Amino acid sequence: MRTDTQPVRCGNCGSDAHYTILVHADELEPPDLDTRPGEPLRSSLPFWIKRCASCGYCADEIDRVHEEAGPVIESPIYQAQLSDARFPEKANEFICYALILERVGQYADAGWTAMHAAWVCDDSSSQEAASLCRQMAVRSWTAGKRQGQAFHETHESEFLIVSDVHRRLGEFEHALTACNLGAEGEDLPDLLDHCFRLERSLISRKELGRGSLRDLPMFSGGSQAVGGAQ
Ligand SMILES: [Zn+2]
C-alpha cells in the first residue's frame, strides 16, 4: 500500500489542509461475499474517506462537492453524526458522506458508503454499530431500487450481497430468501454459483462473521491475485 500526503482545498468551505491520500493498494487476496476487498487493499479502508476539520464535510474526494450538499452538512443531524459516540470516528465520516449522497438521490453510492462504515465497525469489533450501518445500507439500496438504481452488476449479484448483509445482521430467513431468489436464475456464472453455495452453507451454520471467497474451490490452495485498485 502506498500513501502520500497532499494539500487539498475543501470543496465546501474552501479550507486548505494536508490529507493522507491512498496512491495505490493491490488486492492480493480474494474479496468477501459482500465485496469487501482482500488484503492489502482491505486495510486501506480508513483512507477511502476524508473529513474537513473546519466544516465537517466528509467525502472520498473532498475537493469536490455536490451543489445541494451545503445544507446537509450544516444540518444538526449531520453535525451530530460527526461525533456520534455509538460509532468509531471513521465510521461516522462514512455515515456522514452517506447522508449527503442519500439527500442528493445517489442511493446506490449511499448504500455502499454505509457498508464502508459497517466494515470500519467490523474492524473495531463494534457489532451493534456495524448492524446499524448494514441496516442503513439496505435502506438506501431499497430506496435506490425503487428509482431504478442498480447497486451492483447484475440482479443475481445484488441478491448475493443482500443475502450476505442479512446474514451478517442475523436475519437468516431473509438471507436464505435472497439467496434462493438470486440462485434460481439460469446460466448463473460459475463463480456466482459457488458464492451462493458458500452463502447458503454460512446461513445454515448461522455464521455471523465474514464470508471470504478464499473458501471457494477456485481460490483455495493459496493466495491468488484477483486484481488491483488505484
Ligand atoms: Zn470544509
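The chain is numbered in sequence order, starting from 1. Whatever order the structure lists them in is the order used to number ligands and atoms, beginning at 1. None of the values given here were measured: they were computed from a predicted structure.
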Distance (rounded to the nearest 0.5 Å) between E68 CD and I100 CD1: 12.0 Å

Plane angle bin for W48 and W119 - parallel if under 30°, tilted between 30 and 60°, otherwise perpendicular: perpendicular

Within-2.8 Å protein N/O/S contacts of the Zn ion (ligand 1): C10 SG, C13 SG, C52 SG, C55 SG

Ring geometry between F151 and W141 (parallel below 30°, tilted from 30 to 60°, perpendicular above 60°): parallel

Backbone of G209 reached by a side-chain donor or acceptor of E207 within 3.5 Å: yes

Which residues share a side chain to side chain donor-acceptor pair (under 3.5 Å) with T20, sequence neighbours left out: none

The single option from N92, D60, T113 passing side chain to side chain donor-acceptor pair (under 3.5 Å) against Y97: D60

